Amino acid sequence: MSKTPSFQMLLNAINRVSVQLKIKEHLINQTNFQVLSIALLLEEMEEFNLISRNLQLEDKLAILHSFFPFCFDAGSQKEISNYYSFIDNYPLKKGLKEKDDPLGSMYQNILTKSMKQRKGIVFTPVDVIEYILTQMEYPNSEELTSFGKMIDLACGSGLFLTTAVKRIIKQLKHLQLEPQGIINYIEKTIHGFDIDPIAVFLTKVNIARTILSELKEKYPKNHVLNLKIHQTNSLERKSGNDTSEVISLKLSKFDYVVGNPPYVESKRMDANTKQICRTNFPDAVMGSFDLYNCFIDYGSQLLSDKGQLGFIIPNKFLISRYGKNLRERFLKDNIISQIVDLAHQNVFRPAVYPIILILDKKRKYEDQIKMISDVSLDEILRGTLDTKKISVGSCTYERTINKTIFFLDNLSLQIIQKVFDVSKLNMNDLIRFRWSVSFHRKGLRKKFVYQKPQGKYPMKLIGGKEFGGNREVERYGINWRGYWIDYDREKAKELRNNFQKLNFFTDEKIFLCQHSLRIRATIDRESYISKDIFLLGHLKEKAGKSNVNLELILATLNSKLFSFLYATMYAGTEIMGRYLHYLPMFLHDLPILVPSSEDIIQISEFVNDILSSADNKKKQKLDDLIDDKIFQIYGCNKEEIEYISDYIELNLKK
């Protein structure tokens, strides 16, 4: 909210009247926005001599209606004049700065935290919007005919579109186009959708305010502004509520698709929204998908042959299962132009790590993606990102099963390409990681977990402490805390909580921590049961045929090289505290080579020695020998080894 008290004072006065008039609760905010916006527009039109200050409010409203009739969609001029006549007495613009967005700030303030989460609303800094439009070279030419159609599919308060309008006006002023021609271009090329009527109204008002502030008294006095901003569910291709114009737009092609689409996890979606997504965007709804993924899919489909898309989205898109189909399509079509990592800049709410994604259908003959990591808002503002740009060939990402996209510097790129070049297999060919015991309902844990042997089938349990950490599994070791589980599968089934087959635990296996900085894994030969904070890893049939054993897999995973690979390729799994989330689908995606029989024998001896030793100095020495051997097998040179070791010390240790 602006610090200028007049806005809050006027809003309070408007709200009191709206309550007295017994306006329905769900319409009060809409009415309040309308009246406050009218007051702001009246003041600005007086400032630019488009309305005389000496007129009565009713006459002023009539003139405002002749310019911007959409301002009166939720109430007549007469009602506003009769019940809100005091709006003419507040100096609202005094103290406002050029970048202030009082209406947008007010919109944020009325939305509760739960509403923002339910609607998936996250607001975008203007500097980020400016960066996206600049990278898209919008407007891209001094030729008037090159101005392409733009749409924001979830326009919110209209920040993307108002920023675009400001750039259009600046360009056309430079070309000495008359104000009427400028407005015609805006009306022809700028489009927006939003499901929220308040957002649609705010976007129209903010575009009108932008045009007024740029053209001032030169605004054509006989022009009725006709903006193509519509209330609709963008993702609903065929809706009986849509006008013919909206239906036509949904089938159109655009040269620019921009925005910050809503972020809503599938578990927070209502059934109708899920069905709309499944019906219209089957490629985007794999597993536990997020709503923004459907907007990416739709936005990419709307692009013209020369079209570009510029979105702010969570970095989960780069690694998630639900994003795989779109990543694969974009890589195959070679349309990913640039990805910028804003993950650690607190741009959005906590636990949302954003990126900028730019698609460009004109770049079919290019094969390099500009990847820019660890960017600050200050660097965006100053335009100093060129030194951080790394060009990566699309083929690098196509080599992964998951079509994972990750940020690299030059040396990281060199290391990862080397590992892929020498590896003929993925972990998925040799080992299967799966989940362990979960208790899906509150109170179930107490029916099975004890601090002494109890029940029909008592077995040792790691991860048994309620709300406990995961330090029972270390690199090459288990520190059992003394918890037991009654592994009664029939009892669990009766309580609708299935346990895995017992042989998953009695067979020799790898335990791996789900949440940690560096990979922490060990071999279990004592038939421990584990809680789901640990993953189970069992060799596949192909491993035996390739002479691969658990010791080799364990040494590879615990090595510095593979902790570096996972942290680099799957930085998008990062959770609070910069811990990484180790998941089966990503572990399976890691490249791996099968070394010589002699190397496997030597590594197995090192691993078994470290597993059986209680001497920490000896264990560290063996650990170092294993790291040296893995580096040697994958052909890492001295510079690469030092780089990886420094990375581990800096990022994966506490």
Side-chain angles (χ1 to χ4, degrees), residues 135 313-320 323-324 327-328 330-331 334-345 353-359 363 366-376 379-380 384-423 426-427 517-519 559-574 578 580-582 586-587 589-592 630-631 634-652:
Q135 296 304 302
I313 53 173
N315 65 357
K316 295 291 185 191
F317 174 72
L318 303 180
I319 64 168
S320 63
K324 177 184 175 182
R327 292 194 302 273
E328 188 167 19
F330 298 160
L331 288 168
N334 196 29
I335 62 172
I336 303 176
S337 173
Q338 184 178 143
I339 302 176
V340 182
D341 174 24
L342 297 169
H344 299 118
Q345 302 308 316
Y353 301 104
I355 60 169
I356 295 170
L357 172 69
I358 298 178
L359 306 180
R363 67 182 300 277
E366 299 178 32
D367 63 356
Q368 300 289 306
I369 301 171
K370 294 185 182 70
M371 303 293 293
I372 311 173
S373 62
D374 198 22
V375 171
S376 70
E379 286 172 317
I380 285 180
T384 56
L385 299 187
D386 285 345
T387 57
K388 289 192 169 186
K389 286 182 182 177
I390 301 295
S391 294
V392 183
S394 300
C395 60
T396 297
Y397 304 123
E398 290 182 286
R399 296 170 85 168
T400 65
I401 299 172
N402 192 49
K403 309 309 174 192
T404 306
I405 298 176
F406 36 86
F407 292 96
L408 302 163
D409 58 27
N410 284 319
L411 194 51
S412 297
L413 176 60
Q414 175 180 308
I415 293 167
I416 288 179
Q417 286 180 331
K418 179 177 288 187
V419 173
F420 272 108
D421 286 343
V422 299
S423 299
N426 294 87
M427 282 284 178
L517 293 172
R518 184 175 172 181
I519 294 176
S559 69
K560 288 181 178 179
L561 175 59
F562 273 70
S563 278
F564 168 79
L565 287 180
Y566 193 99
T568 304
M569 294 172 63
Y570 298 107
T573 67
E574 186 178 309
R578 303 193 79 164
L580 294 171
H581 196 179
Y582 293 93
F586 302 139
L587 292 164
D589 207 17
L590 293 172
I592 185 172
I630 297 297
F631 282 136
Y634 286 87
C636 296
N637 60 38
K638 183 178 179 181
E639 181 188 19
E640 293 164 347
I641 293 171
E642 289 179 355
Y643 179 86
I644 291 169
S645 298
D646 289 344
Y647 182 93
I648 298 288
E649 285 292 325
L650 184 64
N651 298 289
L652 303 182

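The model shown is predicted, which means the values in this text are computed figures rather than measured ones.
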Just verifying a value: how many Å separate [X] [atom1] and [Y] [atom2], rounded to the nearest 0.5 Å?
X	Y	atom1	atom2	answer
Phe631	Ser645	CZ	OG	5.0 Å
Tyr582	Thr573	OH	OG1	7.0 Å
Ile405	Ile336	CD1	CD1	3.5 Å
Ile415	Asp409	CD1	CG	8.0 Å
Leu590	Phe420	CG	CZ	8.0 Å
Lys560	Tyr647	NZ	OH	14.5 Å

Practice task
Report the residues that fulfil side-chain contact (heavy atoms from CB on, under 4.5 Å) with Ser337, sequence neighbours left out, ordered by chain and then residue number.
Solution key: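 Ser337 satisfies side-chain contact (heavy atoms from CB on, under 4.5 Å) with Ile358, Asp360, Arg363 once adjacent residues are dropped.
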Practice task
Taking side-chain contact (heavy atoms from CB on, under 4.5 Å) as the test, write out the residues that go with Ser373, two or more places apart.
Solution key: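 Partners of Ser373 by the side-chain contact (heavy atoms from CB on, under 4.5 Å) criterion, ordered by chain and then number, come out as Asp341, Phe407.
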Looking at [X] and [Y], would you say the former's side chain and the latter's main chain have a donor-acceptor pair under 3.5 Å?
X	Y	answer
Asp367	Gly393	no
Ser394	Leu331	no
Asp589	Asn402	yes
Glu640	Asn637	yes
Thr400	Tyr397	yes
Tyr566	Ala571	no
Arg518	Ala567	no
Lys388	Asp374	yes

Exercise for the section: Could I get the full list of salt bridge (charged side-chain N to carboxylate O under 4.0 Å, His left out) partners for Lys370, not counting sequence neighbours? Expected result: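 Counting only residues at least two positions away or on another chain, Lys370 forms no salt bridge (charged side-chain N to carboxylate O under 4.0 Å, His left out).
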Handout entry: Tyr643 side chain to Ser412 side chain, donor-acceptor N/O pair below 3.5 angstrom
Key =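 Side-chain D/A pair, Tyr643 to Ser412: present.
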Problem - Salt bridge flag under 4.0 Å for residues Asp386 and Lys389 - result: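 Yes, charged N to carboxylate O under 4.0 Å.
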So which atom in [X] and which in [Y] form the shortest heavy-atom distance, rounded to 0.1 Å?
X	Y	value
Ile592	Asn426	CG2-C, 3.7 Å
Ile630	Ser559	CG2-OG, 3.8 Å
Phe562	Met427	CE2-CE, 4.2 Å
Asn651	Leu517	O-CD2, 4.1 Å
Leu385	Glu379	CD2-CB, 3.5 Å
Ile648	Ser563	CD1-CB, 3.9 Å

Sub-4.5 Å side-chain heavy-atom contact between [X] and [Y]:
X	Y	value
Gln338	Ile372	yes
Leu342	Ile380	yes
Thr404	Tyr570	yes
Asp421	Arg399	yes

Problem - Step-by-step side chain to side chain contact (heavy atoms under 4.5 Å, CB included) determination, Thr396 to Ile369 - result: CA-CA 10 Å; Thr396 297; Ile369 301 171; over 6 Å; no
Handout entry: side chain to side chain contact (heavy atoms under 4.5 Å, CB included) between Met371 and Phe406, intermediate numbers included
Key = CA-CA 8 Å; Met371 303 293 293; Phe406 36 86; over 6 Å; no
